[in-house]
Amino acid sequence: MIAAPRLSLSDGSTIPQLGVGTYKVPAEVTAGLVEGALAAGYRHVDTAALYGNEREVGEGLRASGLERDDVFVTTKVWNDDHGFDETLRAFDASAAKLGLDRVDLYLIHWPIPSADRYVDTWRALQRLQQDGRATSIGVSNFSIPLLERLRDETGVLPTVNQVELHPRFPQNALVDWDAANGVVTESWAPLARGGLLQEPLLAHIAERYGKTPAQVVVRWHLDRGLVVFPKSVSLERIRENGDVFDFTLDTEDHALIATLETGERTGRDPDLD
Ligand code: NDP
């Protein structure tokens, strides 16, 4: 049974360190995968309005039979809903699709600096938190200057910053800044969308632990204190990705994995939007 530890957030809440991602999980298989992941012991699901599967995530949650407070659900406001009123409406739509009165974590999906509406959007998230609709609030794809602006203009830093992060693109400076400022970093594309898993070095390390390359990479995130939610359309691989709580990588392995850094992203650079 997968039993992930929980990390503390700056607002006093906690978050399971491991979850399941749902980007590009087709709606027709989402409910079954979410139900299966929860049956395997996962307690955290990451979705977004953009993904088009919030309704089916909600179905999977209900099918699991778990109590609401036993599952941590994240969703996100999409780029064309930035702005105070727009964000409140977008939240209502997401909550209705999920079939939830409140979500555990609501994120600004991308900052879109060129539109310059992310501060108003952040104020809407603060309202949602005050109203008890979002237990915790955070952002995604924010660089340090944008985080500093949120703090300077609203007095409140996000509890989490969800960014692209994997051994090829480890985001060391941002992870350090987040940690120093009480922001939990979440890794999206933690497996570099699967591209990383063919690296011979990972196969070599995995063999020594009797694990798979994917498990070694998930463990790398956990060891670094990051929140991680790999995505798979296969329940077998979802279980595999969660079977990571019986080992840790040693310092030498971390040094070896650090050599995989290339600076390559799988997604776009959020500062350029
Ligand atoms: P991941 O790095 O999680 O990689 C997913 C890919 O890896 C899929 O092709 C999957 O294939 C494959 N895979 C998964 N597990 C295994 C395994 N054990 N062995 C071999 N292959 C495997 O990429 P994502 O982009 O999905 O990122 C994870 C989550 O992060 C998303 O689902 C989403 O929730 C979030 N995200 C957030 C973004 C943001 O802007 N905030 C942007 C992108 C993602 P298969 O499905 O066929 O098993």
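As the structure lists them, so they are numbered: ligands from 1, and atoms in each ligand from 1. Source: prediction; values computed, not measured. Residues take their numbers from the sequence shown, with the count starting at 1.
Within the 4.0 Å heavy-atom shell around ligand 1 one finds Ala192.
No donor-acceptor contact under 3.5 angstrom links the side chains of Arg219 and Thr248, judged on distance only. Remark: the Glu164 side chain and the His166 side chain contain an N/O donor-acceptor pair separated by less than 3.5 Å.
For a threshold of 3.5 Å applied to N or O pairs, the pair formed by Val233 and ligand 1 contains at least one separation below that value. Considering both main-chain and side-chain atoms, Ser234 never comes within under 3.5 Å of ligand 1 through any nitrogen or oxygen pair. Checked by distance only, ligand 1 and Leu191 come closer than 3.5 Å through their nitrogen or oxygen atoms. Residue-to-ligand polar distances place Gln162 within reach of ligand 1: an N/O pair is separated by less than 3.5 Å.
Heavy atoms of Thr22 found under 4.0 angstrom from ligand 1 belong exclusively to the backbone. For Ala48, no heavy-atom contact with ligand 1 is shorter than 4.0 Å. Here Ser232 has heavy atoms under 4.0 Å from ligand 1 in both its backbone and its side chain. The proximity of Trp110 to ligand 1, defined as any non-hydrogen pair under 4.0 Å, is limited to the side chain. At a heavy-atom distance under 4.0 Å, no atom of Thr47 approaches ligand 1. At a heavy-atom cutoff of 4.0 Å, ligand 1 is contacted by the side chain of Leu197 but not by its backbone. Counting heavy atoms closer than 4.0 Å to ligand 1, residue Pro190 contributes atoms from both its backbone and its side chain.
Atom numbering of ligand 1 starts at 1 in the shown order; those under 4.0 Å from a heavy atom of Ala214 are 17 (C), 18 (N). Each of the following atoms of ligand 1 lies closer than 4.0 Å to a heavy atom of Asn141: 39 (C), 40 (O), 41 (N). If you number the atoms of ligand 1 from 1 as listed, the ones under 4.0 Å from a heavy atom of Asp46 come out as 33 (C), 34 (O), 35 (C). Within ligand 1, counting atoms from 1 as listed, the ones closer than 4.0 Å to a heavy atom of His109 are 39 (C), 40 (O), 41 (N). Heavy-atom proximity to Gly194, at under 4.0 Å, picks out these atoms of ligand 1: 4 (O), 6 (C), 7 (O). Within ligand 1, counting atoms from 1 as listed, the ones closer than 4.0 Å to a heavy atom of Pro230 are 3 (O).
Taking 4.0 Å as the cut-off between side-chain N and carboxylate O, Glu35 and Arg62 do not count as a salt-bridged pair. The existence of a salt bridge linking Arg102 and Asp131 is excluded, since no basic side-chain nitrogen approaches an acidic carboxylate oxygen closer than 4.0 Å.
In the displayed structure, Glu148 atom CD is contacted under 6.0 Å by more than 12 heavy atoms of other residues, nucleotides or ligands.
In the candidate list Trp188, Tyr23, Phe229, Tyr51, Phe229 is nearest to atom 29 (C) of ligand 1, counting heavy atoms. The nearest non-hydrogen atom to atom 22 (C) of ligand 1, considering only Arg237, Arg193, Arg239, Gln215, comes from Arg237. Across the listed options Glu236, Lys231, Arg268, Lys231 owns the non-hydrogen atom lying nearest to atom 5 (C) of ligand 1.
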Problem - Candidate pair Asp104 and Thr135, rule side-chain hydrogen bond (donor to acceptor under 3.5 Å, both in side chains), full reasoning - result: CA-CA 5 Å; Asp104 298 277; Thr135 305; 4.6 Å; no
Problem - Phe169 vs Thr266, side chain to side chain contact (heavy atoms under 4.5 Å, CB included): CA-CA, chis, key distance, verdict - result: CA-CA 9 Å; Phe169 190 63; Thr266 67; over 6 Å; no
Practice task
Apply side-chain hydrogen bond (donor to acceptor under 3.5 Å, both in side chains) to Ser140 and His109, showing your working.
Solution key: CA-CA 5 Å; Ser140 180; His109 203 146; 5.4 Å; no
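A donor-acceptor pair under 3.5 Å links the side-chain atoms of Thr212 to the main chain of Gln215, judged by distance alone.
Note: Tyr209 and Phe247 have tilted aromatic rings, judged against thresholds of 30 and 60 degrees for the angle between ring planes. Ring pair Phe91/Tyr106 is perpendicular by interplanar angle, where above 60° counts as perpendicular and below 30° as parallel.
Residues Gln162 and Asn141 fail the side-chain proximity criterion, which asks for heavy atoms closer than 4.5 Å.
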